[in-house]
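Only one structure is covered here, and it is reproduced in the block below.
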Amino acid sequence: VSDYTVQKGDTLMLIAFKLYGDYRKWKSLKDMNPSMDRLAEGAVLKYSEPSERFVWSPEGLPHLIQDGETLGTISNAKYGTATKWKLLYENNRPMIHDPNLIFAGFTLYYVPERDVASE
């Protein structure tokens, strides 16, 4: 069992992703910390060490997911078309188990297309 210090903006889902690479393990964090009703910055959570340390080194620029956004709306904002949502999905596969289910507060990464006009 190890300790994790809650950082600003953390949720149990986000902490589970950081520690295990799987946001769906948030329930195990809640079960190990039953007295913690709300996450406060600086609070210390107990967690079971994963057998392998999760490391994610995404490519591209960050985009903080907002309420109501979908991969299609983000694709439209970043690429000018909703049809390139699969690029976002493939680049963020460790975080996105279902392309129809993304979470506000998570950061996904996109690879900008080359700006041919500036060359």
(message) Using a 6.0 Å cut-off, check whether atom NZ of K18 has over 12 heavy atoms from anything other than its own residue.
(response) yes

(request) Look at the side chain of E69 and the backbone N and O of Q66, then say whether any donor-acceptor pair between them is shorter than 3.5 Å. (result) yes

(message) For F17 and M95: C-alpha separation, side-chain torsions, deciding distance, then whether side chain to side chain contact (heavy atoms under 4.5 Å, CB included) applies.
(response) CA-CA 7 Å; F17 180 73; M95 182 188 351; 3.8 Å; yes

(message) Using the rule that Ile, Leu, Val, Met, Phe, Trp and Tyr join whenever any side-chain heavy atoms are under 4.5 Å apart, tell me whether L61 and L71 fall into a single cluster.
(response) yes

(message) Do L29 and W56 sit in one hydrophobic cluster, given that two such residues count as connected whenever their side-chain heavy atoms are within less than 4.5 Å of each other, even indirectly?
(response) yes

(message) Is the distance between the ring centroids of Y20 and W26 under 6.0 Å?
(response) no

(message) When you compare the side chain of I102 with that of L88, does any pair of heavy atoms fall below 4.5 Å?
(response) no

(message) Looking at E113 and K84, is there a salt bridge between them, counting it only when a charged N and a carboxylate O are closer than 4.0 Å?
(response) yes

(request) Give, for atom CG of N91 and atom CD of E59, the distance between the pair rounded to the nearest 0.5 Å. (result) 6.0 Å

(message) Test: side chain to side chain donor-acceptor pair (under 3.5 Å). Region: residues 40-54. Which pairs qualify, not counting sequence neighbours?
(response) S2-E49, D3-K46

(message) Testing the 3.5 Å rule here: is there a donor-acceptor pair between the side chains of Y4 and D10?
(response) yes

(message) Is there a path of hydrophobic side-chain contacts, each under 4.5 Å between heavy atoms, that joins L14 and M32?
(response) no

(message) Going by side chain to side chain donor-acceptor pair (under 3.5 Å), name the pairs with one or both residues in residues 28-38, residues two or more places apart or in two chains.
(response) none

(request) Among residues two or more places apart or on two chains, list those pairs meeting ring-ring contact (aromatic ring centres under 6.0 Å, His included) that have a residue in residues 68-105. (result) Y23-H97, Y23-F103, F103-F106

(message) Please say yes or no: joined through hydrophobic side-chain contacts below 4.5 Å, possibly via intermediate residues, are V6 and V44 part of one cluster?
(response) no

(message) Can a donor-acceptor pair be found, under 3.5 Å and without considering hydrogens, that links the side chain of N92 to the backbone of L108?
(response) no

(request) May I ask you to test the L45-I15 pair for a side-chain heavy-atom distance under 4.5 Å? (result) yes

